[in-house]
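All residue numbers in this chain count up from 1 along the given sequence. One-based numbering, in listed order, for ligands and for the atoms of each. Every heavy atom of this structure was used, including side-chain atoms; hydrogens, water molecules and symmetry mates were not. The model shown is predicted, which means the values in this text are computed figures rather than measured ones.
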Amino acid sequence: MSVPKWFEDAKLGIFIHFGIYAVGDVSESWSFYHNRISYEDYMNQIKYFTCDKSDAKRWAELIKKSGARYSVLTTKHHDGVALFDTKYSDNSTIKNSPYKNDIVKEYVEAIRDEGVRVGLYYSLIDWSHKDYASVYEGYRVPDDLSMVNKYTSPTDGKQDKEAWYRFMEFNKNQMGEILGNYGKIDLLWFDGDWERSEEQWGLPELKDYLKSFNSDIVINSRLKSYGDYKTPEQGIPITRPEGAWEFCTTINDSWGYRPSDNHYKSLGQIIRMFCDCIHMGGNMLLDIGPKPDGSIDKRQEDILIGLGEWIEVHKEAIFGTDEGIMHRYFLGGSTVSKDRKTLYLFVYDKPEENICLKGLSSKIKKITLLHSGKELTYDIHGGVPWFNIPGITWIKLNEKDCYKYVTVVKIELEDELDMYGGSGTVVTHN
Ligand code: GLC
């Protein structure tokens with residue numbers, strides 16, 4: 001698993017869950033899968049998917065403003081409704097919704113024009129395709145057939161491999177469309193790999209096929225073991241995931257637009273989650289769900305703009321940096337410059353008199369606040385320098401000098417960052 005440098009340095013991406021589910025205040029695909037709405041009523045939403053305020057340029061400008069370096073649009077969710085012009089299925093917005101333009105094309109062009117990397121989400125699962133529910137995961141017939149969901153697999157224990165091969169051919173053709181018809185695609189975001197085995201998804205050959213369109217394409221890890229980076233979802237990791245990773249999250253509780261979901265995270269919470277991700281060497285993929293007319297809820301727009309403002313002020317501590325130091329050194333987030341001579345501390349809560357940095361062995365050159373340039377004084381207490389055990393660095397900082405939401409303290413060092421990690425010692429020589 002490895003990713004190109006652009007992805008590691010990108011830090012922020014914007015996810016867009018756009019689909020017919022935005023019409024009726026239901027969850028994307030899962031609502032019919034779990035029988036919360038009938039399949040017919042779910043699909044009927046497409047008639048009201050007007051996109052009459054749709055403006056990909058506006059989306060792209062907003063995404064650019066958020067500070068994101070890449071963006072990922074759902075080209076087809078588990079419901080199988082393609083937002084692109086597909087030769088291989090009638091299940092598409094172009095064929096069945098009032099909006100006759102190719103949404104994926106409009107998106108790709110607008111995003112590319114803004115200089116943002118282009119990502120496409122594609123659900124491997126297609127609960128609408130007649131050949132999809134033809135086999136079981138790994139061809140293993142479950143003991144209890146009453147637990148089988150009819151959209152996923154046959155309910156009678158009889159498998160049809162031919163149908164499955166047809167489905168795979170269909171999926172591959174559609175992937176060929178999204179990767180081949182819109183110029184270079186930087187990232188492919190799969191979903192739903194859990195319903196079949198590697199062999200059934202045709203791996204590793206499928207990966208070679210995808211790479212034939214762009215050998216540098218980044219593929220998320222929802223392609224069984226063939227992805228390039230991990231995608232923890234909704235629950236922020238506590239332990240750093242191994243290798244490259246991206247945390248995907250909603251702004252409220254829903255991926256797609258749901259007018260009844262008012263459980264929005266605040267801007268401060270989103271900024272802090274973002275800092276948590278980059279502190280542990282990951283990216284954050286923040287989701288928006290446009291309305292069925294293509295416009296974006298003001299609350300989602302405000303979060304993106306606010307996040308972008310914060311990022312703009314603090315970009316030096318974000319882009320071109322590596323993951324930070326452990327929380328046992330500093331109770332907050334942090335990043336380290338590529339030359340390892342600058343440490344950026346993310347101060348989450350307003351301090352009363354100072355913040356505390358433990359274990360710093362390197363000599364400090366200067367400490368400033370990133371947003372204002374104001375120099376901060378500090379004091380070092382304790383330590384046993386002749387045993388190479390550093391003292392505690394107390395950096396003077398109080399509420400009035402802090403920035404909104406998260407304050408960044410920039411510590412310039414004489415040499416490369418060096419942290420002490422031991423358990424102390426008895427001082428035998430004074
Ligand atoms: C999920 C869901 C889906 C959502 C996605 C986002 O596991 O299946 O509805 O689009 O992943 O990460």
Side-chain angles (χ1 to χ4, degrees), residues 7 10 12-37 39 42-43 45 49 68 70-84 93 103-104 107 119-129 132-133 137 149 151-153 171 174-175 178 187-196 201 218-224 227-237 241 244-258 260-261 263 265 270 273-274 277 282-292 300:
F7 181 78
L12 180 69
I14 299 297
F15 214 168
I16 310 172
H17 271 68
F18 192 38
I20 63 167
Y21 38 83
V23 171
D25 201 5
V26 292
S27 67
E28 69 293 342
S29 311
W30 293 101
S31 48
F32 72 80
Y33 180 90
H34 289 305
N35 224 352
R36 292 188 198 113
I37 177 174
Y39 180 79
Y42 180 93
M43 282 299 167
Q45 295 178 101
F49 189 68
Y70 65 108
S71 151
V72 180
L73 170 73
T74 49
T75 64
K76 180 180 106 167
H77 204 265
H78 313 331
D79 56 17
V81 182
L83 268 61
F84 53 97
T93 51
I103 296 168
V104 173
Y107 155 84
L120 301 178
Y121 165 111
Y122 184 80
S123 167
L124 288 161
I125 293 173
D126 187 332
W127 291 327
S128 287
H129 196 283
Y132 181 74
E137 201 270 331
N149 186 296
Y151 296 108
T152 302
S153 294
N171 242 15
Q174 280 204 329
M175 288 179 226
I178 60 170
L187 187 147
L188 190 53
W189 213 100
F190 280 119
D191 201 10
D193 64 342
W194 56 82
E195 287 201 348
R196 299 290 184 261
W201 290 130
V218 185
I219 299 176
N220 73 337
S221 60
R222 300 189 187 182
L223 192 62
K224 296 293 183 181
D228 299 320
Y229 70 89
K230 302 224 167 67
T231 56
E233 171 177 338
Q234 296 290 42
I236 202 156
W245 64 279
E246 166 204 84
F247 169 61
C248 55
T249 179
T250 51
I251 292 183
N252 50 9
D253 291 334
S254 313
W255 292 106
Y257 177 64
R258 292 199 66 173
S260 65
D261 182 353
H263 193 216
K265 299 172 184 76
I270 296 278
M273 285 159 63
F274 172 61
C277 291
N283 293 350
M284 183 165 91
L285 184 64
L286 181 66
D287 182 69
I288 54 171
K291 297 180 187 178
Q300 303 191 7

statement: Contact region, Gln234 to ligand 1, non-hydrogen atoms below 4.0 Å, reads neither
task: Taking only heavy atoms of Glu28 into account, list the atoms of ligand 1 that are under 4.0 Å away from them.
output: 3 (C), 9 (O)
task: Provide, to 0.1 Å, the distance between atom 8 (O) of ligand 1 and the closest protein heavy atom, together with that atom's residue and name.
output: His78 NE2, 2.8 Å
task: Distance to 0.1 Å, residue and atom name: give those for the protein heavy atom nearest to atom 5 (C) of ligand 1.
output: Asp191 OD2, 3.2 Å
query: Does a side-chain N-to-carboxylate-O contact under 4.0 Å join Asp193 and Arg222?
result: no
- request: Would you mind telling me if ligand 1 is within reach of the side chain of Trp194, the backbone, both or neither, using heavy atoms under 4.0 Å?
  value: side chain
query: By number and element, which atoms of ligand 1 are closer than 4.0 Å to a non-hydrogen atom of Trp255?
result: 4 (C), 6 (C), 12 (O)
Identity and distance of the protein heavy atom lying nearest atom 1 (C) of ligand 1: Glu233 OE2, 3.1 Å
Distance-only polar pair, side chains of Thr250 and Gln234, donor-acceptor under 3.5 Å: yes
Polar proximity ligand 1 side, Trp189 side, N/O cut 3.5 Å exclusive: no
- prompt: Any donor and acceptor pair, going by atom type alone, linking the side chain of Lys265 with main-chain N or O of Asn252 inside 3.5 Å?
  reply: yes
- prompt: When the ring planes of Trp30 and His34 are compared, do they come out parallel, tilted or perpendicular, using 30° and 60° as the limits?
  reply: parallel
message: Please confirm whether the ring centroid of Phe18 lies under 6.0 Å from the ring centroid of Phe49.
response: yes
- prompt: Which atoms of ligand 1 are found less than 4.0 Å from any heavy atom of Tyr121?
  reply: 10 (O)
task: Specify whether Tyr39 and Phe32 have parallel, tilted or perpendicular ring planes, treating 30° as the upper limit for parallel and 60° as the lower limit for perpendicular.
output: perpendicular
- line: In ligand 1, the atoms that come under 4.0 Å of a heavy atom of Trp30 are 2 (C), 3 (C), 8 (O), 9 (O)
query: Which of the atoms of ligand 1 are close to His77, meaning less than 4.0 Å from one of its heavy atoms?
result: 3 (C), 4 (C), 9 (O), 10 (O)
query: Heavy-atom contacts under 4.0 Å between Thr231 and ligand 1: side chain, backbone, both, or neither?
result: neither
For Cys248, atoms of ligand 1 separated by under 4.0 Å from a heavy atom: 12 (O)
- prompt: Taking atom types as modelled, is there a side-chain donor on Ser254 or Asp261 under 3.5 Å from an acceptor on the other?
  reply: yes
- prompt: So which protein heavy atom does atom 10 (O) of ligand 1 come closest to, and at what separation?
  reply: His17 NE2, 2.5 Å
message: Tell me which one of Tyr70, Phe7, Tyr229, Phe15 satisfies ring-ring contact (aromatic ring centres under 6.0 Å, His included) with Trp189.
response: Phe15
- prompt: Any side-chain donor-acceptor pair under 3.5 Å between Ser71 and Tyr107?
  reply: yes
